[in-house]
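Since the structure comes first, as structure tokens, the remarks are kept for the end.
Counting convention: from 1, in listed order, for ligands and their atoms alike.
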Amino acid sequence: MPESEIRKGLAGVVVDYTAVSKVNPDTNSLLYRGYPVQELAAKCSFEEVAYLLWNGELPNESQLAEFTARERAGRALNPVVKFAIDALPLTTHPMDVCRTATSIIGACHPLAEDSSVEGNMAKAMELFAAMPAVVAYDQRRRRGQDVVEPREDLDYSANFLWMTFGEEQVPEVVEAFNVSMILYAEHSFNASTFTARVVTSTLSDLHSAVTAAIGALKGPLHGGANEAVMHTFDEIGIRSEESLEEAASRAKTWMEDALSQKKKVMGFGHRVYKHGDSRVPTMKAALDKMIAHYGRPELLGLYNGLEQAMDEAKAIKPNLDYPTGPTYHLMGFDTPTFTPIFVASRITGWTAHIMEQAAANSLIRPLSAYNGAEQRSL
Ligand code: COA
């Protein structure tokens, strides 16, 4: 096979149809089931978007009421999962905690091997409802704090923050978190979603597919980038007494130095978008509100300085992980919790793709071109 026919990283290869979302890098647009993600982020709750991704349409009032009731009923931390998390060292990476929890939830599930439409829908719903408790409790136990029980009077995002911090958050903060959850929910055939589809294509079960997807999301070239962005900010140094301009100038110098050493700076660049990530303006607006709410202009200085220096040197634009990292930091999340938040959101997209793959399945099994030793004898 000629070298030119091999598409490293499957770059540019279209492997299947999907009706879940459409990414158009030319117009910088992202549609979930036909709706622009910016509109969904402005007008919908995360629950409505989850319903949309799974069912193809937004819920009417009674459908939303039923959906919301099921989600609220499934929020408590499963005791078997709590027992397992407690057995893990405090040094376990939170993504490994999410992966392990998903695996346990699957292993204990009465419908574990049921991959019918109804079985998958029920399991997707339960996992979606259950994951905030896992993410929240893992951060709390690392801080020496106990479980916070869920609140049925709060929506998904408000309850997620409640279970994490044990305090009700003001509406602006809940809103910014809700926006991030909607923006992270779905993005066509990204690496973790493709992983979930590969596993599903073997007729394996939903929890196995999500567990594998979490493994793929963990890497810094994918979801792990939102944590890596915060490590960059920390390396440059967050100085709360500094002005926006001073912080921007230090960040520019840091970026110029990093690029001169040919470093890859996380939170920039994208395999599909080459002129900017469609989700960034919406998330940046949410970050701006959080910077104003918490009174932390120096973080905007770092943000602007890095972005400008990268643009001037390489014209590479930020991706969604760039504004979410500092947003979650401002809200009080520990950096290792950032990618697990992404998991809690992307469960919706992954499971929508799992159901779509299962409905029109073909085993995913590409070919390789052999370039090892010629045939030889012992
Ligand atoms: N920092 C510095 N340089 C970058 C860069 C970054 N974040 N992203 C891309 N580049 C450069 C590469 O070094 C390469 O330069 P070269 O041609 O001089 O070698 C060029 O841009 C093309 O990059 P490449 O990695 O081949 O593009 P890709 O489409 O395979 O990669 C990513 C896409 C996302 C893997 C890549 O941009 C990246 O590693 N970004 C950082 C990780 C990240 O933020 N991931 C989250 C994605 S949502």
(request) Could you list the atoms of ligand 1 found under 4.0 angstrom from a heavy atom of M310? (result) 1 (N), 2 (C), 6 (C)

(request) Would you mind running through ligand 1 and noting each atom that sits below 4.0 Å from a heavy atom of K263? (result) 2 (C)

(message) Is it the case that the ring center of F128 lies less than 6.0 angstrom away from the ring center of Y156?
(response) yes

(request) Please report which non-hydrogen protein atom sits nearest to atom 24 (P) of ligand 1, along with the residue it belongs to and the distance in Å to one decimal place. (result) K264 NZ, 3.9 Å

(request) Select one of side chain, backbone, both or neither to describe which atoms of R279 lie under 4.0 Å from any atom of ligand 1, heavy atoms only. (result) neither

(request) Only heavy atoms count here, so choose which of K314, K317, R271 is nearest to atom 29 (O) of ligand 1. (result) R271

(request) Determine whether the side chain, the backbone, both or neither of L221 has a heavy atom under 4.0 Å from any heavy atom of ligand 1. (result) both

(message) Is a donor from one side chain sitting under 3.5 angstrom from an acceptor on the other, for E235 and T232?
(response) no

(message) Could you check whether atom 9 (C) of ligand 1 has a protein contact, counting only heavy atoms that fall below 4.0 angstrom?
(response) yes

(request) List the closest protein heavy-atom neighbour of atom 42 (C) of ligand 1: residue, atom name, distance to the nearest 0.1 Å. (result) M266 SD, 3.3 Å

(request) Verify whether one side chain among T337 and D138 offers a donor that lies under 3.5 Å from an acceptor in the other. (result) no

(message) Does only the side chain of P220 get under 4.0 Å from ligand 1, or the backbone, or both, or neither? Count heavy atoms.
(response) backbone

(message) Are K22 and S188 packed together at the side-chain level, in the sense that at least one heavy-atom pair is separated by less than 4.5 angstrom?
(response) no

(message) Looking only at the side chains, is there a donor atom on one of S240 and E298 sitting less than 3.5 Å from an acceptor on the other?
(response) no

(message) Below 4.0 angstrom, counting only protein heavy atoms, does anything approach atom 48 (S) of ligand 1?
(response) yes

(request) Using distance alone, decide if ligand 1 has a nitrogen or oxygen within less than 3.5 Å of any nitrogen or oxygen in F268. (result) yes

(message) If we count only non-hydrogen protein atoms and require a distance under 4.0 Å, does atom 20 (C) of ligand 1 qualify as touching the protein?
(response) no

(message) Could you tell me, atom by atom, which parts of ligand 1 come under 4.0 Å of a heavy atom of A225?
(response) 43 (C), 44 (O), 45 (N), 46 (C)

(request) Before accepting this row, confirm whether a basic side-chain N of the pair D96/K218 lies closer than 4.0 Å to the acidic partner's carboxylate O. (result) yes

(message) Against ligand 1, does K262 come closer than 4.0 Å with any heavy atom?
(response) no

(request) Could you tell me the separation between the OG atom of S249 and the CG atom of L244, rounded to the nearest 0.5 Å? (result) 11.5 Å

(request) For atom 11 (C) of ligand 1, state which one of L320, D321, I316 supplies the nearest heavy atom. (result) I316

(message) Please tell me if atom 26 (O) of ligand 1 is touched by the protein, where touching means a protein heavy-atom distance below 4.0 Å.
(response) no

(message) Quick check on ring pair (Phe, Tyr, Trp, His ring centres under 6.0 Å): which of F177, Y328, Y137 does F160 satisfy it with?
(response) F177

(request) Assess the side chains of Q139 and T164: does a donor N or O sit below 3.5 Å from an acceptor N or O? (result) no

(request) Report, in ascending order of atom number, the atoms of ligand 1 lying under 4.0 Å from any heavy atom of G267. (result) 43 (C), 44 (O)

(message) Checking contacts now, so for atom 14 (C) of ligand 1, which I'm interested in, is there any protein heavy atom under 4.0 Å?
(response) no

(message) Hydrogens and angles aside, do Y184 and T324 bring a side-chain donor and acceptor to less than 3.5 Å of each other?
(response) yes

(request) With rounding to the nearest 0.5 Å, note down the distance linking OG in S345 to CD in E186. (result) 9.5 Å

(request) From the options L259, V272, V265, V229, select the one whose nearest heavy atom is closest to atom 1 (N) of ligand 1. (result) V265

(request) Return yes when at least one protein heavy atom is under 4.0 Å from atom 37 (O) of ligand 1, and no when none is. (result) yes

(message) Show the atoms of ligand 1 that are less than 4.0 angstrom away from any heavy atom in K274.
(response) 29 (O)

(message) Whether the T202 and S204 side chains hold a donor-acceptor pair (N or O, under 3.5 Å, no angle test) is what I'd like checked.
(response) no

(request) Show your working on salt bridge (charged side-chain N to carboxylate O under 4.0 Å, His left out) between E168 and R151 and close with a plain yes or no. (result) CA-CA 10 Å; E168 216 174 309; R151 289 248 313 260; 2.9 Å; yes

(request) Check whether any heavy atom of K8 sits under 4.0 Å from an atom of ligand 1. (result) no

(message) Please confirm whether G224 approaches ligand 1 to less than 4.0 Å, judged on its heavy atoms.
(response) no

(request) Output yes when E374 and R376 qualify as a salt bridge under the 4.0 Å nitrogen-oxygen rule, no when they do not. (result) no

